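Worksheet: one structure, shown below.
For reference, positions follow the sequence shown, starting with 1. When a ligand or atom number is given, it counts from 1 through the structure's own listing order. None of these values were measured; they are calculated from a predicted model.
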Amino acid sequence: SLPPCTLVVFGAGGDLTKRLLVPSIYNLAHDGLISDDFAVIGVDRIDQDDAGWRQNLTAFTQAAASDGTAGGHVGQPDEARWQWLMQRLSYIKGDFADEGLFAHLKERIGQGNAIFYFAVGDRFFAPLAEQLGKAGLLTEGEARFRRVVVEKPFGHDLATARDLNQRLLKVASEDQIYRIDHFLGKETVQSIMAVRFANGMFEPIWRREFVDCIQITAAEKVGVERRGEFYEHAGALRDMVPNHLFQLLCMVAMEPPSSLSAQAVRDEKSKLMAALRPLSREDVVRGQYTAGSIDGQGVPGYRQEPGVSPESDTETYVALRLAVDNWRWGGVPFFLRTGKRLAERRTEISIHFQAAPHQLFRDAASERLARNVLTLKIDPEHAIETSFDAKEPGPAMRLGRVTTRMNYADFFPHRANVGYETLLYDCMMGDATLFQRADAIERAWTVVAPALEGFAKDEIPLESYAAGSQGPAGADRLTGSEHAWAPLQK
Ligand code: BG6
């Protein structure tokens with residue numbers, strides 16, 4: 001089980017805390033992983049007491065359990081276990097600018113291990129860390145750890161990410177800082193490493209000599225929901241690319257690490273990021289959704305969403321062509337696309353292999369130059385698919401495209417989870433493998449900087465696409481018919 005520790009959650013009244021953090025802690029507790037000396041202190045400006053906070057969390061969890069949106073054990077919580085956890089929760093009403101709050105926390109935590117979780121807006125990240133530093137709350141000792149967990153967005157561009165790193169590193173060392181990217185908490189993303197490096201058959205062909213292109217898709221059906229104001233300043237590129245999509249890119253394209261240590265894995269990711277060529281403007285397509293239909297229901301366009309300017313030029317879709325300048329990937333295009341209000345919810349990576357060198361079956365093939373595709377399906381399905389050509393039975397030589405599919409659930413029929421369990425567990429264990437390091441984050445911002453600049457100067461056209469469609473037409477021009485995207489299904 002995990003070491004004793006106090007988890008201090010700043011932003012205790014927020015969505016993240018009730019939807020993800022507390023349910024994930026419950027799932028860990030349910031599995032018997034949390035020690036009796038574990039405690040959670042929630043901090044927020046909302047006026048409530050311990051009982052009020054617990055009551056809110058309980059009501060939220062019961063509602064999620066009954067409408068089926070809770071993941072893992074928390075979908076059917078065991079009453080005694082839930083109460084066990086609630087007894088370990090306490091609440092402090094406080095203002096992050098008030099030094100008294102930090103003195104109070106210091107008294108409450110005493111000499112023990114502590115993790116400070118910033119589940120708050122990004123403008124609070126650096127000031128909170130500085131207050132913790134000033135109060136001496138980040139000083140580690142022989143027998144005690146002090147860690148800080150920083151949510152996204154980590155910076156708004158290279159300059160702000162660098163500034164945030166510098167301010168955090170003034171009060172804590174790199175190994176005390178855990179920068180979260182929730183994609184790395186996904187079972188499906190972690191399993192990419194196992195597929196690649198636990199098997200002998202994939203790696204030999206996982207390179208430029210055999211791969212034609214790699215496509216990464218993170219398509220969503222949802223719009224900006226209630227986050228219009230946040231999204232107006234972020235846009236699809238900042239919201240998804242330098243963090244989530246680049247993490248997927250690292251998983252699929254990095255070199256095999258020599259061990260599973262945080263340093264070895266993160267060194268390989270950093271090397272990959274360093275080889276990623278900064279974007280050129282002609283390799284970027286941006287789009288914004290207009291009114292359309294999702295699941296047969298009419299939905300408004302982005303500019304009509306609450307909190308969004310009617311003249312907004314914020315992108316809700318981007319497609320990119322990236323190049324990795326190293327021996328493994330030289331010349332292989334990486335196509336990335338992500339967007340809201342698309343035809344389908346689908347997150348996946350597909351590796352498109354080169355066609356056979358000689359078209360022996362030219363007359364028999366249904367499509368010319370058929371390519372084998374290996375698809376790692378991440379969300380909502382968790383599966384691996386391969387597609388290839390096979391002979392149709394019968395006297396004539398005719399080929400047909402077939403797909404084989406491995407569903408993880410058929411082999412490992414175990415529970416879904418909320419998504420933060422592994423990340424919280426690893427943070428408490430002091431394993432930073434699944435967290436982002438300062439250098440890789442800064443490099444990611446460097447790679448996307450030319451696109452952000454092109455957006456700001458309006459030098460990259462903003463194309464529109466109807467809600468429920470495949471996205472803007474420019475995305476198809478980017479790939480050309482040679483590397484066409486797999487169509488999203490309605
Ligand atoms: C978040 C973005 O980080 O990731 C959201 O801010 C996006 O805009 C979400 O919807 C996607 O994550 P998931 O796990 O639902 O694919």
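Using a 4.0 Å cut-off between charged side-chain N and carboxylate O, E282 and R477 make no salt bridge. Remark: R328 engages E255 in a salt bridge, criterion side-chain N to carboxylate O under 4.0 Å. A salt bridge is defined here as a Lys NZ or Arg NE, NH1 or NH2 lying under 4.0 Å from an Asp or Glu carboxylate O, and R405 with E381 meets this definition.
Shown in contact with K340 at under 4.0 Å from a heavy atom are these atoms of ligand 1, numbered in order with element: 5 (C), 7 (C), 8 (O), 10 (O). Close contacts of ligand 1 with K152, meaning ligand atoms under 4.0 Å from a residue heavy atom, involve 1 (C), 2 (C), 3 (O), 6 (O).
For H244, a nitrogen or oxygen atom sits less than 3.5 Å from a nitrogen or oxygen atom of ligand 1, counting backbone and side chain alike. At a 3.5 angstrom cut-off on N or O pairs, D239 counts as close to ligand 1. Between H182 and ligand 1, an N or O atom pair is found at a separation short of 3.5 Å.
Within the 4.0 Å heavy-atom cutoff, R345 counts among the residues contacting ligand 1. A heavy-atom separation below 4.0 Å is found between F183 and ligand 1.
A heavy-atom distance below 4.5 Å is found between the side chains of F183 and M240.
Between A219 and L342 the shortest heavy-atom distance is CB-CD1, 3.7 Å.
Centroid-to-centroid, the aromatic rings of Y465 and Y317 come within less than 6.0 Å.
Geometrically, R227 does not engage Y231 in a cation-pi contact, judged by NZ or CZ lying under 6.0 Å from the ring centre and within 45° of the ring axis.
Atom 14 (O) of ligand 1 has K186 NZ, 2.5 Å as its closest protein atom, hydrogens excluded (heavy atom only). Looking from atom 10 (O) of ligand 1 to the surrounding protein, the closest heavy atom is E220 OE2, 2.6 Å.
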